[in-house]
Structure formats: structure tokens, C-alpha cells
J.: 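Here's a structure for you.
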Amino acid sequence: MEQADTQLTDLFIIGGGINGCGIARDAAGRGLSVTLAEMNDLASATSSASTKLFHGGLRYLEYFEFRLVREALIERETLLRAMPHISWPMRFVLPYHPDMRFDSETPTSRLLGTFMPWMKGRRPAWLIRLGLFMYDHLGGRKILPGTTSLNLRTSPEGEPLQDRFETAYEYSDCWIEDSRLVVLNARDAEARGAKILVRTKVISAEREDGVWVITLQNVESQETRQVKARMLINAGGPWVGDIIQTKIRMNSREGVRLVRGSHIVTPRLYNHDKCYFFQGEDGRIIFAIPYEQDFTLIGTTDQDHPDPSVPPECTDAEQEYLCAFASKYFKTSVTRDEIVWTYSGVRPLYDDGAQSATAATRDYTLKTDEEGGAPVLNVFGGKITTYRRLAESAMEKVSQHFSDLPGPWTAGVALPGGDFPVGGVDELIRGLMTDYAFLTHDWARRLVRAYGTEAREVLGDAEQISDLGVEFGATLTERELKWLIDKEFARCAQDVVWRRNKLGLRLSDEQVAKVEAWMQNHRH
Ligand SMILES: Cc1cc2nc3c(=O)[nH]c(=O)nc-3n(C[C@H](O)[C@H](O)[C@H](O)COP(=O)(O)OP(=O)(O)OC[C@H]3O[C@@H](n4cnc5c(N)ncnc54)[C@H](O)[C@@H]3O)c2cc1C
């Protein structure tokens, strides 16, 4: 059945990844009426499959991407302050050995090869130090500590590594719970008046009499309906090109380069809370990161992945590659039979004609088209780290079409649950455990890391565990599920156990099936 929504919205956003939700929040906060449609779950595509770092991108310095690195470095602390529950500082240990050789074609290595031919294929210690010096100083750090050197022979960070590594550099970046970041942006957008539609696919958008007429399909009920908007934003991530060609049907010279990146998760490989930054002989780098208390996350890869309709998966070859890469550094080899989970995502990079997937720019590009009357803004590329700045740049373009819009406002405004100081998590955990005496420390920490100051609202008036209703395992209860359905747009068990939290790592298939059955009976 086709219904028409006669109301005209200012902005219609296609895509509930970090870029769509970040723009929705910013625009709603400036007083625009906003509707966002996501065909699946929020963050179901690339925005839940990242390495989960707010980082400047140390390796991009070798590509001379100074604008991107500087913007991202500055952003780390702005974001950390606005969401100290889902983001936290991390130290990265970069082991160095003078015999290391790299098959590298970056602009830096070509420059080095030209002026110091004897340095070809090497990334000398002074070059790494110079890069880290720039990393420390390009972005004006206030919270994060700077680079230090480590003696791996005497420090605990050296213990899991092969004996040939004697020295390392240690620098700062931040962790971010990527899929929660998306949901919290969507919630804040909604609180400021935006309509967030999940499981709603845009099947076409046409210009009629100076406005957009957009046809939507509810993918659960198959019902279609139409809405009208003054401006369209295409934040379709890997589908940005598909949307341009098959949904909006417009001619565009801009292209997207789809590059798959995969991660593996193993039981915890070492006993400290720092990450490793490993350099490979192929010129690439990977991270090994403490993950969800009991696990280690290793990634990523760079593989061209031309068709967005093919769901990305971590292939056998990618699993082998990541195990072999990490095994060049760890004393104990990492083997495929240790892998407990893998995930894979597709980077929607702006096609700058780079030779390799690794070299394609990670910066974002925003292109407006208004030839047919009503304007559309297409979003290419971007990082989780730069989503807020990308939204501000998008709003600069949007404001050309709406008079008297207020200026940027999101820097310094906390996301839901993030209204407490950086470093205040332990105090929140203590307070929560005092008020809800039945909580274990791990349970309280999980709730504070997910919901921040809102953890109390999730638990409500509960005085004992039984007040929280059915317990599904791994501390997931009926009351929390109810919150996720009512406030966080969750529709099925997969939304909950892989995106609102990562309890999928701990729950059995039977437990997940029980979550699913409960949700099907209780969702609206
Ligand atoms: C392996 C990997 C590691 C990464 N690591 C980092 C990192 O550590 N730090 C960092 O800053 N960045 C990182 N990134 C980059 C970052 O994840 C992406 O830039 C970002 O998530 C892209 O967000 P997006 O909103 O553009 O796309 P997406 O998250 O893919 O969102 C687009 C959404 O549009 C929806 N959609 C598409 N078509 C339609 C339609 N017709 N109707 C309705 N909805 C539609 C899709 O379902 C999807 O949910 C990484 C990326 C990858 C792949």
C-alpha cells in the first residue's frame, strides 16, 4: 500500500551510519526538520566494522595527508570529552628493529629512495621518531600523553614479543565503541526533533517542482510510502555510488572506491592494557588491541571489494594473513584455530585514482548537485574520527540553501550519558554499585561503559536482580532489552548482541535465540 506524507521536511538523509547520524544530529540541533532512513539497523554496515579508534592515523603522514591527520588529531580530544563513557585513551607500542625492510611505495619512501638510495625499503628510526613528533604536535594535545621510548628487554610490554625487538616507541590515541557512537548520535538527533526510521529503505528519489519526492519501503512490512524534502543527503557509505546511479539516477563524475577491511578476534594474547602497532614487510600496518576484557582484536586488511551488495567477510586468506603478520612479532604464533570471531567492513573511499587500496585517500569529500532544482549532497569517504567535522562541513553546504541557520554547536556538547568528566568512569562504577548492590564490578563497568550516566535509568527502580526480569546470560536482562528497544532502535537479537553491545562473544546460540524470541514478542 502506498501512502503519501504530505509534510515537507527540510533535510532527508539516506543512511544510518556515523556520517548520516552525525549530520542528522547537527542539523536537528540547528533547528532544521530532519528525517533519516536506514535500510537495516543503525551502524549495520561500515560504522560497526571499524578498528574502533579515534586516531590521527600515523600511517597517513607517509602519504602527506597533513590536513586529515591534523583535523583528526584535534578531534580526538573534543570527542573524548563529549563521550567519556564510550571512548577512552589508549597507548600504542610500536616495536622497532633496524633490520626491518618494507616493500613500500608511499610518497615518503619514494622521496627517501631518491635522496638517500641506501635507505630504500627502510623506515629508519629517525623517520618514525619524526612522524611521532609531528603526531604529538600537529593536534594540540591537552589530555593525551605524548610519545616515549620503551626498553622492551625490561618492560612488561616486551614480554609477549620476540626477543629480537629491543626498543619501541609508545604514543597515544583513543578507543571508541563505534556502533554505540552511531546510536547515541541518532538518539540525540531524535531528542532534538529528528525522525529516525530504521529498517526503511530508500527505493527512489525524484525531483518534482523544486522538492525531492522520496519513496521509502519498510523492509519488515514491505509497505511503501512517499515523503517530500527540500534537500537530500546521500550518506549511503558503500552504497553512495549505487544511490547516485540507481535511486537518484543522476549523472556524476565522482566515484567511490570500495576497500574491504577485516579483523580477527582471539582470546587475550597478553596481560597488559596497551595496543601494539606492527609494521609489515608489505609496507602495511596492523594493530593488536585488548578487546572486551578477555580478547585481543587484530586488524586490518585492505582488499578491493567492488560490489557493495556482496556482504563483506573475512576470507580464509585474510585470516591467514593477519595470523602470519602478528606471528612475526609475538613469541607465541597466532593460529587460525584460536580465532573466536571475525568481522569485515567496506570503506567507502573517495576514488582519487590511487594505485593500491592501501594508498587511496582516507579524507572525505562532499559534493553538492543542484542542477535539477532541489539540492543533493553526496558524502564520500571519511573516518569515524572525523564524523563531527564532516557534519559541520556538510552543514556549511546545507546552510547555502536555508537562510539564517545558527553556526556550529556540537563541539563540547555531550552525547547521551556522556555528561561527566574524562577519567570519571571509576567513580560512576562505584556509585552504581553502591545504589544497586546486586551488581558485580564487571557488570557495573559494562553498563557504565555503554550508558554512562544513563546506566541508572536503564536499571530504574530495581532493588534486586529479579526486578530486572528474565536474565538471558552474560548479565543481559529483560530490563536492558526493553531500554534498547524503547530508546535505542533495536529490532532483533543481532542488533543487540553485536552492535548495542558485544555480548555475542559470550552468549551461546541458544541464549541468543532466547533474546530473539523475547524481542519478537516485545518490540513495537
Ligand atoms: C576495516 C575498517 C577499519 C576502520 N577503522 C577506522 C578507525 O579505526 N577509525 C576511524 O576513524 N575510521 C575507521 N574506519 C572508517 C569508518 O569506519 C568509515 O569511514 C565510516 O564508518 C563510514 O560511515 P558511513 O556513515 O559513511 O557509512 P556506513 O556506516 O556504511 O553507513 C551507510 C548506511 O547507509 C545505509 N544505506 C545504504 N543505502 C541505503 C538506502 N537505499 N536506503 C536506506 N539506507 C541505506 C546502509 O545500510 C548503511 O548503514 C574504518 C573502516 C573500515 C572498513
Side-chain angles (χ1 to χ4, degrees), residues 12-24 35-57 59-60 68 71-72 75-76 79 87 90 173-176 178-179 181-182 185-186 197-205 214-219 233-244 246-248 256 258-263 275 286-287 289 297 299-303 305 308-309 311-312 314 318 342-350 357 362-364 366 378-391 394 499:
F12 189 96
I13 301 175
I14 309 176
I18 190 52
N19 289 328
C21 292
I23 295 170
T35 303
L36 178 147
E38 163 54 52
M39 64 181 171
N40 194 341
D41 180 26
L42 297 172
S44 52
T46 315
S47 297
S48 58
S50 80
T51 311
K52 307 175 205 308
L53 302 178
F54 278 154
H55 64 159
R59 78 172 190 88
Y60 312 142
L68 170 66
E71 181 174 284
E75 228 7 51
R76 291 178 309 182
L79 297 174
S87 174
M90 276 201 160
D173 266 323
C174 297
W175 179 260
I176 174 64
D178 54 4
S179 44
L181 174 69
V182 177
N185 270 278
L197 310 172
V198 293
R199 262 72 184 200
T200 304
K201 184 171 185 175
V202 171
I203 51 177
S204 71
I214 302 139
T215 306
L216 306 175
Q217 182 173 44
N218 179 320
V219 297
I233 305 227
N234 171 7
W239 291 268
V240 61
D242 171 65
I243 291 168
I244 291 173
T246 71
K247 309 289 184 281
I248 313 178
V256 64
L258 301 181
V259 177
R260 184 176 72 242
S262 298
H263 292 82
C275 313
I286 60 164
F287 297 103
I289 305 175
L297 174 66
T300 172
T301 55
D302 274 313
Q303 296 287 320
H305 184 96
S309 66
C314 182
E318 286 173 287
T342 67
Y343 66 86
S344 201
V346 178
R347 304 174 180 90
L349 305 180
Y350 182 63
R362 265 54 177 169
D363 211 345
Y364 54 83
L366 305 175
N378 294 306
V379 176
F380 299 90
K383 306 279 301 165
I384 295 267
T385 316
T386 49
Y387 88 92
R388 197 194 63 81
R389 294 287 293 119
L390 182 150
R499 287 183 284 277

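Every number for a ligand or one of its atoms is a count from 1 in the order of the listing. As the structure is a computational prediction, the values presented were derived from the model and not from experiment.
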J.: Would Thr300 and Arg347 count as a side chain to side chain contact (heavy atoms under 4.5 Å, CB included) if you check the C-alpha gap in whole Å, the side-chain angles of each, and the deciding distance to 0.1 Å?
T.: CA-CA 12 Å; Thr300 172; Arg347 304 174 180 90; 3.2 Å; yes
J.: Out of Leu53, Ile13, Ile384, who gets a non-hydrogen atom closest to atom 9 (N) of ligand 1?
T.: Leu53
J.: Return the closest protein heavy atom for atom 34 (O) of ligand 1 as residue, atom name and distance.
T.: Gly15 CA, 3.2 Å
J.: Would you check the N or O atoms of Thr51, main chain and side chain alike, for any that come under 3.5 Å of an N or O of ligand 1?
T.: yes
J.: Quick check against the 3.5 Å criterion: does Ser179 have a side-chain atom that pairs as donor or acceptor with the backbone of Arg499?
T.: yes
J.: Just heavy atoms, cut-off under 4.0 Å: does His55 contact ligand 1 by side chain, backbone, both, or neither?
T.: side chain
J.: With atoms numbered from 1 as shown, which atoms in ligand 1 lie under 4.0 angstrom from a non-hydrogen atom of Ile14?
T.: 39 (C), 40 (C), 42 (N), 43 (C)
J.: Output all residues satisfying side chain to side chain contact (heavy atoms under 4.5 Å, CB included) with Ser50, sequence neighbours left out; order by chain, then residue number.
T.: Lys52, Asp178, Ile384
J.: Which ligand 1 atoms does Gly237 reach within 4.0 Å, using its non-hydrogen atoms?
T.: 26 (O), 27 (O), 32 (C)
J.: Suppose I only count heavy atoms of Thr300 and a 4.0 Å limit; which atoms of ligand 1 are within that range?
T.: 1 (C)
J.: So which heavy atom in the protein is nearest atom 11 (O) of ligand 1, and how far is it from that ligand atom?
T.: Thr385 OG1, 2.6 Å
J.: Heavy-atom pairs closer than 4.0 Å: do any link ligand 1 to the side chain of Ile243, the backbone, both, or neither?
T.: side chain
J.: Write out the residue and atom name of the closest protein heavy atom to atom 31 (O) of ligand 1, then the distance separating them to 0.1 Å.
T.: Gly17 CA, 3.3 Å
J.: Decide whether an N or O pair under 3.5 Å exists between Val259 and ligand 1.
T.: no
J.: Thr200 heavy atoms, cut-off 4.0 Å: which ligand 1 atoms fall inside?
T.: 43 (C)
J.: Just let me know how Val202 lines up against ligand 1, side chain, backbone, both or neither, with a heavy-atom cut-off below 4.0 Å.
T.: both
J.: Using 4.0 Å as the upper bound for N to carboxylate O, is an ion pair formed by Arg260 and Asp302?
T.: no
J.: Gly382 versus ligand 1: do any nitrogen or oxygen atoms come within less than 3.5 Å of each other?
T.: yes
J.: Do Ile243 and Ile248 have side chains that get closer than 4.5 Å, going by heavy atoms?
T.: yes
J.: Is there side-chain contact between Ser204 and Lys247, with at least one heavy-atom pair below 4.5 Å?
T.: no
J.: Please find the pair of heavy atoms, one from Glu38 and one from Asn40, that lie closest to each other, and give the distance.
T.: OE2-N, 2.8 Å
J.: Can you tell me which residue and heavy atom of the protein come closest to atom 6 (C) of ligand 1, and the distance to 0.1 Å?
T.: Ser50 CB, 3.5 Å
J.: In terms of relative ring orientation, are Tyr60 and His55 parallel, tilted or perpendicular, with 30° and 60° separating the classes?
T.: perpendicular
J.: My understanding is that we take every heavy atom of each candidate and find the minimum distance to atom 49 (O) of ligand 1. Doing that for Glu75, Glu38, Lys383, which one comes out nearest?
T.: Glu38
J.: Can you tell me which residue and heavy atom of the protein come closest to atom 26 (O) of ligand 1, and the distance to 0.1 Å?
T.: Asn19 ND2, 2.9 Å
J.: Counting each atom of ligand 1 from 1 as listed, which ones have a heavy atom of Ala37 under 4.0 Å away?
T.: 43 (C), 44 (N)
J.: Have a look at ligand 1 and work out which part of Ala235, if any, has a heavy atom under 4.0 Å from it: side chain, backbone, both or neither.
T.: backbone
J.: Please identify which atoms of ligand 1 are closer than 4.0 Å to at least one heavy atom of Gly261.
T.: 1 (C)
J.: Of the backbone atoms (N, CA, C, O) and the side-chain heavy atoms from C-beta on, which set of His263 has a member under 4.0 Å from an atom of ligand 1: side chain, backbone, both, or neither?
T.: side chain
J.: How close do Ala394 and Leu366 get, counting heavy atoms only, and between which atoms?
T.: N-CD1, 3.5 Å
J.: Return the CH2 to CG distance between Trp175 and Leu53, rounded to the nearest 0.5 Å.
T.: 6.5 Å
J.: Decide yes or no for Leu390 and Val379: does some side-chain heavy atom of the first lie under 4.5 Å from some side-chain heavy atom of the second?
T.: yes
J.: Give the residue, atom name and distance (to 0.1 Å) of the protein heavy atom nearest atom 39 (C) of ligand 1.
T.: Met39 SD, 3.7 Å
J.: Which atoms of ligand 1 are found less than 4.0 Å from any heavy atom of Gly345?
T.: 53 (C)
J.: Please name all residues satisfying side chain to side chain contact (heavy atoms under 4.5 Å, CB included) with Thr200, sequence neighbours left out, ordered by chain then number.
T.: Ala37, Leu197, Leu216
J.: Do Tyr364 and Asn19 have side chains that approach each other closer than 4.5 Å (heavy atoms only, starting at C-beta)?
T.: no
J.: Let me confirm one number: the CD1-CG distance from Ile13 to Asn234, rounded to the nearest 0.5 Å.
T.: 11.0 Å
J.: Out of Ser44, Ser47, Ala49, who is nearest to atom 2 (C) of ligand 1 when you count heavy atoms only?
T.: Ala49
J.: Atoms of ligand 1 less than 4.0 Å from Trp239 heavy atoms?
T.: 37 (C), 38 (N), 46 (C)
J.: Compute the shortest N/O to N/O distance between Val346 and ligand 1 and return yes if it is under 3.5 Å, no if not.
T.: no
J.: Could you check if a side-chain atom of Arg362 sits within less than 4.5 angstrom of a side-chain atom of Leu68, using non-hydrogen atoms only?
T.: yes
J.: Can you check whether Ala43 has an N/O within less than 3.5 Å of an N/O in ligand 1?
T.: no
J.: Is any side-chain heavy atom of Pro348 closer than 4.5 Å to one of Thr46?
T.: yes
J.: Given Lys52, Lys201, Arg347, Arg199, which has its nearest heavy atom closest to atom 52 (C) of ligand 1?
T.: Arg347
